[in-house]
Amino acid sequence: MRTWLIDDVEVFEVPFDYDLTAFEVYVGNDLKGTIYPETMDDIVMLAACLNDGQNPLEDNWEDGRGGTLSY
């Protein structure tokens, strides 16, 4: 599983549903939310955005369950 550090935000890729993974978003020890992709294509797209340095909290990413991530 992969990990990204963007500014003060740390994102961990974690096992989720069979072949899918989720992305847990932390600031320090505070879990700000978990992103639940619906497809493998979503995972690839989210990982590419993280690789490009996009901050899920500053960009108000949705969690896949009706919520929006923010500080």
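Everything numeric in this text was worked out from a predicted model, so none of it was measured. Side-chain atoms are counted along with the backbone in the values below, which use heavy atoms only and exclude waters and symmetry mates.
Atom CG of residue D8 and atom CG of residue L57 lie 8.0 Å apart, to the nearest 0.5 angstrom. The CG atom of D7 lies 5.5 Å from the CD atom of E58; values are rounded to the nearest 0.5 Å. A distance of 11.5 Å separates CG in L50 from CG in L5, rounded to the nearest 0.5 Å.
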Tabulate below the donor-acceptor pairs under 3.5 Å that side-chain atoms of residues 60-67 make, not counting sequence neighbours, or state none.
unit_1: D63; atom_1: OD1; unit_2: R65; atom_2: N; d: 2.7
unit_1: D63; atom_1: OD1; unit_2: G66; atom_2: N; d: 3.2
unit_1: D63; atom_1: OD1; unit_2: G67; atom_2: N; d: 2.9

Listing, residues 25-36 side-chain donor-acceptor contacts under 3.5 Å, not counting sequence neighbours, or none:
unit_1: D30; atom_1: OD2; unit_2: K32; atom_2: NZ; d: 3.0
unit_1: K32; atom_1: NZ; unit_2: Y71; atom_2: O; d: 3.3

Extract all donor-acceptor atom pairs below 3.5 Å that involve side chains of residues 10-20 and protein atoms in other chains or at least two apart in sequence.
unit_1: E13; atom_1: OE1; unit_2: R2; atom_2: N; d: 3.3
unit_1: E13; atom_1: OE1; unit_2: R2; atom_2: NE; d: 2.8
unit_1: E13; atom_1: OE1; unit_2: R2; atom_2: NH2; d: 3.4
unit_1: E13; atom_1: OE2; unit_2: R2; atom_2: NH2; d: 3.2
unit_1: E13; atom_1: OE2; unit_2: T21; atom_2: OG1; d: 2.8

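Looking at F23 and I43, their side chains come closer than 4.5 Å, going by heavy atoms from C-beta outward.
Summarising the geometry of P37 relative to A22, their closest heavy-atom pair is CD-CA, 4.0 Å, with the distance given to 0.1 Å.
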